[in-house]
2 protein chains.
Amino acid sequence: MSDPVRLLLADDEHLIRGALAALLSLEDDLLVVAEAATGPEALAMARAHAPDVAVLDLQMPGADGVRVATSLRAELPGCQVLIITGHGRPGHLKRALAAGVRGFVPKTLSARRLAEIIRTVHAGNRYVDPELAADAISAGDSPLTAREAEVLELAADGAPVAEIAERAALSPGTVRNYLSSAVTKLGAENRHTAVRLARERGWV
Amino acid sequence: MSDPVRLLLADDEHLIRGALAALLSLEDDLLVVAEAATGPEALAMARAHAPDVAVLDLQMPGADGVRVATSLRAELPGCQVLIITGHGRPGHLKRALAAGVRGFVPKTLSARRLAEIIRTVHAGNRYVDPELAADAISAGDSPLTAREAEVLELAADGAPVAEIAERAALSPGTVRNYLSSAVTKLGAENRHTAVRLARERGWV
DNA sequence: CGGCCGGCATGACAAATGTCAGCGGGCGGT
DNA sequence: ACCGCCCGCTGACATTTGTCATGCCGGCCG
């Protein structure tokens, strides 16, 4: 029999991480060699242990799973990345795939299936949860231009136009134009529902 | 030795629930007798198995942990409820306690600690995570009147004043007044940041 | 080269929003 | 009985928005 698959687990929820580690350790061809609770910690652990597969939670303090994946891709090309997420938004999947992530699955999965998918990913294949994939396809591509998305993001926390303009180094009028066109493209009634829609589709 | 503690586990994330069940089963005085993925399912399972302790995730499809806890309290007074949450907001804790929940902990906890807390709760004692408790205390009570909170909630998804007025059966002017006073009380710049603030503090 | 598109801006106007003052009614304390 | 507080409403006003037309510049593609 071949060597076991060496795993890095990163999730900020201690309970889940520990439980996951325990469950995956039951599979005798999987070996958890490192755990991390934050993005930077995950990177450090990966450097130290050079795992075969990194299982990363999408939402972690410090740096999210996709950012970690990007760094990992550059530093440890041999390490495959599997992203695991609670509430998967379409855009995240796209970003993740672009970052070279090999697998993307929701947390509503049994441990046995996860173990299988880890093996799949380790073998160099990809695996994307069918439901998340369907969502991503139906959501389609973002109709927003880079600027529109940027401005929309700055508008996300309810800041007035003046503040957005300052933070984006734009004229207030321009900001309103971008906001307006973004709202139109998204079919929203105002900037705030637009922000919500864009968030739901993972476009911000 | 006494009988084992009979547990109900409810969490919509299969992975976590399964892992948790496995870990808690390692403790020989704990026995997982039922699992559920949604609020209603949790209630049904509780009726069928009459567990000693119900471990409920706060955010579940159908009905959230607190609502389930309320029903449980009425139907199965002998069943203690322990709420477990990812990102705990202060107001939830207060609502949970009011619903007769005996324990409230974040997911950033080791399985061993969780097992201890389950025993504590089963013994009839309360346990609230110190950090969450501190947050709740520092957040204090909501300064909003019932109407202000109601209107703010209706404003949450970015609806225009006219729509809020209709849905609340109020005059548009009144809605604006409530919104304005809520914004002032919360020290926000506009209704949207007010909504965000109120959400963070668990006041909506 | 000549469109075309996106980025960036202005100006102007309509609509929505935030703010303030004030009025009346009800309800619970002192 | 009186006071204070919350509810609910109106009206008026300043400010912030959303929307539209229009213009200039720079890059990219046919």
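Values below: every heavy atom of this structure, side chains too, minus hydrogens, waters and symmetry copies.
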- Closest approach of A:R17 to A:A36 (non-hydrogen atoms, all atoms of both residues): CD-O, 3.2 Å
- Could you tell me which residues satisfy salt bridge (charged side-chain N to carboxylate O under 4.0 Å, His left out) with A:E189, sequence neighbours excluded, listed by chain and number? none
- Task: Please state how far atom CD in B:E166 lies from atom P in C:dA16, giving the value in whole angstrom units.
- Result: 14 Å
- Message: Salt bridge or not between B:D57 and A:K107? Use side-chain N to carboxylate O under 4.0 Å.
- Response: no
- Message: Between B:R113 and B:E116 (salt bridge meaning N to carboxylate O under 4.0 Å), is one present in this structure?
- Response: yes
- What string of B, S and - do you get for nucleotides 7-18 of chain D, 5' to 3', when a contact is any protein heavy atom under 4.0 Å? SBBB-B----BB
- Can you list the residues that meet the salt bridge (charged side-chain N to carboxylate O under 4.0 Å, His left out) rule with B:R112, with sequence neighbours excluded? B:E27
- In chain order, what residues pass the salt bridge (charged side-chain N to carboxylate O under 4.0 Å, His left out) check against B:E200, with sequence neighbours excluded? B:R196
- Message: Quick check on side chain to side chain contact (heavy atoms under 4.5 Å, CB included): which of A:L97, A:V121, A:T120 does A:R126 satisfy it with?
- Response: A:L97
- Message: Distance check needed: C:dT17 P versus B:L154 CG, whole Å only.
- Response: 14 Å
- Rounded (10°) bend between the five-pair end axes of the helix from C:dC1-D:dG30 to C:dT30-D:dA1: 30°
Which side-chain N or O atoms in residues 178-188 of chain B pair as donor and acceptor under 3.5 Å with protein atoms at least two apart or in another chain?
| unit_1 | atom_1 | unit_2 | atom_2 | d |
| --- | --- | --- | --- | --- |
| B:S181 | OG | B:E148 | OE2 | 2.6 |
| B:S181 | OG | B:Y178 | O | 3.1 |
| B:T184 | OG1 | B:S180 | O | 2.9 |
| B:K185 | NZ | B:P143 | O | 3.2 |
| B:K185 | NZ | B:E148 | OE1 | 2.8 |
| B:K185 | NZ | B:E148 | OE2 | 3.1 |

